[in-house]
Every structure is written in structure tokens, then in C-alpha cells.
Amino acid sequence: MANSWKDVTVNQFLEIVGLEQEDLSPTEFLIERISIVTGNDYFDTDENELNEILKEFRWLDSLPTNKTKQSFRQLSFGAFIDLNTYCTDKAPIENIDKICATIKGYEILTFECEKIREEPIIKHYSTVQSFVEYRAEILEKYKGLLEDDDPEPDEEEPEEIQPKKPEQTNTKWGWQRLIYGLCNGDVTKVKDVTSLGHILVLNWLSMESELKLKG
Amino acid sequence: MVNVKLENETFELRNEANEITLKEFNKIYTILQSQTLGKLEQYCEVFKTLGLSESIIYDMDNDSFIELIKSFNAMTITSELPAKEIELNGYKYVAYTGDEFKFKTKDLIEIEKSAKRGVTNFPSFILAVIFKRADLTVNEHYEKSHLELKAKLFEDNVKADFAIPYITLVAKKTLKSLEDGK
């Protein structure tokens, strides 16, 4: 019996997140959520039983957060790039297993991801939530680095120049371009560069870019 | 029945729930839910649905029209439920067993879905969901085509006074269960 988020696995949570609320009626949505965490079917219950069940599972309206604070400063540049990709190719929560496994430092993710998906969501949700906030701070702090120096103009110029959204600054070669520069074009040095701490690398690149501007 | 008096003539207007068919009630329900019509326009449409001609409605002075609206009783809410069983075309349909009406979670979901879809005969659909044919399985009962046919069957055979208490009750219970679930 699921009594709190402690009893809900990452897989079950992802199933809940995947429910298409607009395709379901309000009660159907609430019942589907409960069915996912209990494995029971409640369609045949009467209204009194339904009210009791809905009250019992009100905790599903909250977020499965815990209060542990996490630091991401130790992440390597390579791990940060991977994590950034997991946050942009789909909603970060859908990549919760990959994000948590990467933060833990696992290089081969398949087995670790499977393990994480069977663990309680409460153990991992806050990690993703904190990382999403941390990533936003980092991208804001170093936003100039990911923009092309000389982006190719579009064939048809838009009438008005729209402000770039943070995601749009990750241009086609964004991270690769930075790694390429740091390796001086030598592919054998990629691993050396990506193993360095991401803060160190980003600070280095900022310094380089500032010096270039001054020079 | 209420009498509508104009200068030279008097017309009769059905204005009690037991004088209105469920089909007409569906239409009235939709009109009164309309967001695009003003209150007076809504009642013009309602009275047209009940057979009052457009010319009579537009000839009426404002005070008489307001009086007519005030005397319109068809939507009066009654909480006492009518029979919990009804026989139509040789089949028995049962709304509930026991002393008290309780609907199933599946009923509530079907009703919410039909409201979301904006079915044009919502009152009939509520009755179709609540009243279950005694000889059918649960799955057969909730089949879309079966519910649609049953809604039509009720439209052709019962008056609004049969539907209103159920609709009122369902509306109350739906709201309550949504509040409880919040």
C-alpha cells in the first residue's frame, strides 16, 4: 500500500507525469494516479468509497521533494554537458534516471538507470529539481560563451529581431565548439578537457573571451 | 400551463417540468447554459422552443415578458427522486439499489467526459449513464453507442420532471466529490 511518496518508484512517478490530463476527466485523472501507485482499479467504487480514497491519496498533489541540499560544483565539464542535454532533449523529469546516474558519476548508464527507476522517487526528485535550478544559474552566468561568434545569417531576415531564448543560445555546435577550441582541434585531448571541473572550464573560457575582446 | 395575455389574444405556454419533453428540456438546458446569449435572449429562445411564436414574443411589452420569465417553473429544482426503476420498450432500467442513490466512480467519469465533450443532450446522457439495463454487463452498459441510444430512448419517453431531480443531484455530487478530491 502506498502511503506517501516514499512508496512510489521513479517508474510509477513517470507514469503519473505521463498522464495526459486534457484527455481525462477530472475524476479519471485522480483515479488513474491512484491506480498507478496501488495497482488497483477503482472504477467500481461508489461515491463514499471514492471520497475516502481521494482523501487518503491527497499527498499525490504535493511534489516528491526531500530537504537534502546538493552541490553540483564537483561535476566535470563533460558531465555538465551531458546533463544539459538531458534537460533539453525532453522535460528534465523524463530523464530523471539519466540525470541522477550522471550526477552520481556513472559512465555506463543503462544498468544504473534501470536501478534508479525502481527506487523511490523521493530519493531522486530533489536532485533533478536542484540541478534544473543550478543549470539555469550557470547558463545565465556564462550565457555569452554559448553564442556563436559569427552566426550565419538566415536567408530571409526576419522583420523584427526577437530576443534569444536561453535554449536558442545552444547553437548547433555550441558545446562541441567550446571543446574544439580548448583542445586546439586535437581530438585526442577531448577526454582531458571534458574531465576537468565545469566551473574551472567555464571560468577559463570566460577569461579567454574577455581577453580576446580587450586584445 | 400559463396563459400569455396580449392586447387582443391569450396564448397558452407550457411552463411546468411535467409538460416538457426531455428532448425539449435538453434544448432549454443548452440555451440557459449559453455564454453568448444574454438573459433575455436566452428566455426568448426557451419560449420559442416551447412553441411560442417569435412574433408573439417580440410583440410583448417588457414588463409582461419579465412576468412571463418569473412564472416559468420548468427549471424548478426538486430534490425528491422519482422512481429508481423504469421500464422502456420491454426492458427494465435501474438507477440504484438500496435506499439511497449512490453513483459509481465510472458513472461520474462518464458524466464528466460527456460534459467535457459538450454533448448537446447532456441531461439525457446523465439519465443514460445512471439508469442501467438490468440484463447487461458493466462493459456493455458503458459502451458509447449503447449510452447514446439509451439517451434517445429517454428523450422519447420521459418528461423533464423525471430528469431534473437526477441532474440536480448529480451536479451536487460531482461538485462535492471534486471539492473533496482537492
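We use all heavy atoms of the structure for the numbers below, so side chains are in, but hydrogens, waters and symmetry mates are not. On a predicted model such as this, the values are computed, not experimentally measured, just so you know. In the text below, chain A, chain B and the rest are named by the order of the sequence lines, each starting its count at 1.
The environment of B/K152 atom NZ is sparse: at most 12 non-hydrogen atoms of other residues, nucleotides or ligands sit within 6.0 angstrom. The local environment of NZ in A/K104 is crowded, with over 12 non-hydrogen atoms from other residues, nucleotides or ligands closer than 6.0 Å. In B/K23, the NZ atom is not crowded: 12 or fewer heavy atoms of neighbouring residues, nucleotides or ligands sit closer than 6.0 Å. Within a 6.0 Å radius of CH2 in A/W59, more than 12 heavy atoms belonging to other residues, nucleotides or ligands are found.
Residue B/K116 comes nearest to A/Q21 through the heavy atom pair NZ-O, 3.6 Å, listed as atom of the first residue, atom of the second, then distance. In plain terms, the two heavy atoms of A/N48 and B/K102 that are nearest each other are ND2-CE, 3.4 Å.
Using a 4.5 Å cut-off between heavy atoms, A/D41 does not touch chain B at all. Interface residue A/L24: only backbone heavy atoms are found under 4.5 Å from chain B.
Separation of atoms NZ (B/K113) and CD (A/E28) is listed at 3.5 Å; rounding is to 0.5 Å. Separating the CD atom in B/E110 from the CZ atom in A/F43 is a distance of 9.5 Å, to the nearest 0.5 Å. Note that CD1 of B/I111 is 10.5 Å distant from OG of A/S25, once rounded to the nearest 0.5 Å.
A donor-acceptor pair under 3.5 Å is formed between the side chain of A/E47 and the backbone N or O of B/F103. Between the B/T105 side chain and the A/T45 main chain, a donor and an acceptor come within less than 3.5 Å of each other.
For the pair A/D44/B/K104, a side-chain contact is recorded, criterion being any heavy-atom separation below 4.5 Å from C-beta on.
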